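Every value quoted in this text rests on a predicted model; they were computed, and no experiment measured them. In what follows, chains carry the letters A, B, and so on, assigned in the order in which the sequence lines appear, proteins first and then strands, with residues in each chain numbered from 1.
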Amino acid sequence: MKRLDLRGMRVQVLYFAAFRDAVGRETQTEELGENATVADLWDRLVLQVPFFGRFPAMPPAAVNREYVEGDTALRDGDEVAFLPPVAGG
Amino acid sequence: MKRLDLRGMRVQVLYFAAFRDAVGRETQTEELGENATVADLWDRLVLQVPFFGRFPAMPPAAVNREYVEGDTALRDGDEVAFLPPVAGG
Amino acid sequence: MFMTDAPLDLAALLEEARPSDGALCLFVGVVRNQNDGRPTTAIVYEAYGSMAEEQIERILGGLAREFPSARLVVRHRLGRLSVGDASVAIVATSPHRAEAFAACRAAIDRIKTTVPIWKKEFHPDGSSDWVDPTKMS
Amino acid sequence: MFMTDAPLDLAALLEEARPSDGALCLFVGVVRNQNDGRPTTAIVYEAYGSMAEEQIERILGGLAREFPSARLVVRHRLGRLSVGDASVAIVATSPHRAEAFAACRAAIDRIKTTVPIWKKEFHPDGSSDWVDPTKMS
């Protein structure tokens, strides 16, 4: 029988550009339950930030500086960023 | 009835690059009959220059610095050049 | 380091990139005096720096496989730029000009779509806004 | 005048071409240290000067119609060049990078095929020959 691990994890969320302006800060720490995914984190943030509630879907996300899909499992200590549409060059 | 004009004309022939090296000079004057074409001039040069005799066809030609076809009629005073394959850049 | 706060020195970049390689293609992005019809006075470029460096490295790795004879140099400027300033410069060299053009073009296209860099435009009336390419008219 | 006996000053060319136009594409042809496997020590470029000027002017006229937002600057060097020297430089600027790339690429392609310029390659053993692109292996 699989052992249920009740310990949670902490991830650092980074905000840039339009998202930072909307949220009003550059970074925050979120505590999540074991097995939480990137999409779970986004759903949490949507409840906290009215600006995010207007989004029809989760924006592009990066975990530890790599683009990931929403079903990616998070781990304790991960650096997570949801990214506004990029406009370099 | 069309008047037959027996006066000839003179054109200046220019040589560049490999053609100049083969012919041994940069320019020459040729006298041609009225109504002579660029192809007629080429046929004349083929008889004069053994190097040109090896060509399967007339090379690209220019009259007064414009590319022309072989059937282009020449006029007195024209500047004519037969051009080796260009290799600029 | 592909990102820099200093003005891009194109002459130095050409010297750095130019070998006896036959063909060189340089692309430079220059801050325009308008975007989508609205006048622009300045642009601030911001990046998720560590991720941007890694993503450019990854793009260059992919291009090295696709264009094995080409060599690429990339610089992207950050911070406040004025109209006419160079924001990004890419030099591709290759023995063949088709490859130099293709590698340079692919590099700027991928940088623009996948590297986490954003720009805020400033207008003559003092207002500003973040550029959203997905909402371009 | 598009042809010059003086070394091409790329930095000056970029300054001349660079307006607030969004995108700049520079192509530079560089003398290679080999061609088709044979080592090269130098190249002499020769032109039918008056016709070359007119043909480049004509090419630029055609490109201005095909790429109405693009602006082009062209320089071609003549005389004896060493390995690593720039033989031709083309700068295309445009509000749009696709047009800058396309105009620059079209310009060099047409210059290479229609402008009466020839090059003689010199080899380490002292021999030399005129390059014939139609006989490239």
K.L.:
Taking side chain as C-beta onward, heavy atoms only, is D/V30 less than 4.5 Å from C/T93?
P.N.:
no

K.L.:
State, to 0.1 Å, how close D/R32 and C/P95 come at their nearest heavy-atom pair, and which atoms those are.
P.N.:
NH2-CB, 3.5 Å

K.L.:
Which residues from residues 101-114 of chain D are near chain C, with near meaning under 4.5 Å between non-hydrogen atoms?
P.N.:
D/F101, D/C104, D/R105, D/I108, D/D109, D/K112

K.L.:
Quick check on C/A98 against chain D: is it the side chain, the backbone, both or neither that has a heavy atom closer than 4.5 Å?
P.N.:
both

K.L.:
Does anything in residues 54-93 of chain D form a ring-ring contact (aromatic ring centres under 6.0 Å, His included)? List the pairs, not counting sequence neighbours.
P.N.:
D/Y45-D/H76

K.L.:
Enter the distance from C/L13:CG to D/L10:CG here, rounded to the nearest 0.5 Å.
P.N.:
12.0 Å

K.L.:
Among C/V91, C/L26, C/V28, which residue meets the side-chain contact (heavy atoms from CB on, under 4.5 Å) test with D/L26?
P.N.:
C/L26

